[in-house]
Enquirer: 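Got a structure here, written out as structure tokens. Questions coming.
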Amino acid sequence: MTRLNILLLLAVIASALYLVQVSYETRRQFIALERERNQSQRLEQDADKLRVLLRTQATHLRVEQMARERLQMTVATPAVTQYLTADGSLPVTAPSSAAASKGRP
């Protein structure tokens, strides 16, 4: 009977140690999972911020401002517009202001 009790006691101790090990491993994996979830949320937030930044950088006003500042571009006016004839040469006379305002050469 004593041998059976000792054998059962060893089985209980072994199962208790196994239970502790499994519980520890479960906690460790849960903590790793939570870290990964937090990192995933941070990456999603960063991606959203970058999408918003990209939309703000691509607005018409921003593009126009950058063209004026960096490229020194100006708006085309009839005063600086050159009109070509059908053969590709410049006309001898400048177009009248009335014709230029109507969009005709």
Enquirer: Within the distance-only criterion (no hydrogens, no angle test), does the side chain of Ser40 pair as donor or acceptor with the backbone N or O of Glu36 below 3.5 angstrom?
Expert: no
Enquirer: To the nearest 0.5 Å, how far apart are OG1 in Thr56 and CG in Leu54?
Expert: 8.0 Å
Enquirer: Say you draw a straight line from CD of Glu69 to CD of Glu64; how long is it, rounded to the nearest 0.5 Å?
Expert: 11.0 Å
Enquirer: Quick one: does Leu17's side chain get under 4.5 Å of Gln21's, heavy atoms only?
Expert: no
Enquirer: Using 0.5 Å steps for rounding, measure from the CD1 atom of Ile13 to the CG atom of Leu8.
Expert: 11.5 Å
Enquirer: Decide yes or no on side chain to side chain contact (heavy atoms under 4.5 Å, CB included) for Ser23 and Leu19, but give the supporting numbers first.
Expert: CA-CA 6 Å; Ser23 296; Leu19 179 64; 4.3 Å; yes
Enquirer: Looking at CD of Gln39 and CZ of Arg35, how far apart are the two atoms once the value is rounded to the nearest 0.5 Å?
Expert: 10.5 Å
Enquirer: Any side-chain donor-acceptor pair under 3.5 Å between Gln29 and Glu25?
Expert: yes
Enquirer: Nearest 0.5 angstrom please: Asp46 CG to Leu53 CG, how far?
Expert: 12.0 Å
Enquirer: Using every non-hydrogen atom in the two residues, find where Arg55 and Thr59 come nearest and quote the distance to one decimal.
Expert: O-CG2, 3.3 Å
Enquirer: Starting at CG of Leu50, measure out to CG of Leu43 and round the result to the nearest 0.5 Å.
Expert: 10.5 Å
Enquirer: Shortest non-hydrogen contact from Arg68 to Val75?
Expert: NH2-CG2, 3.5 Å
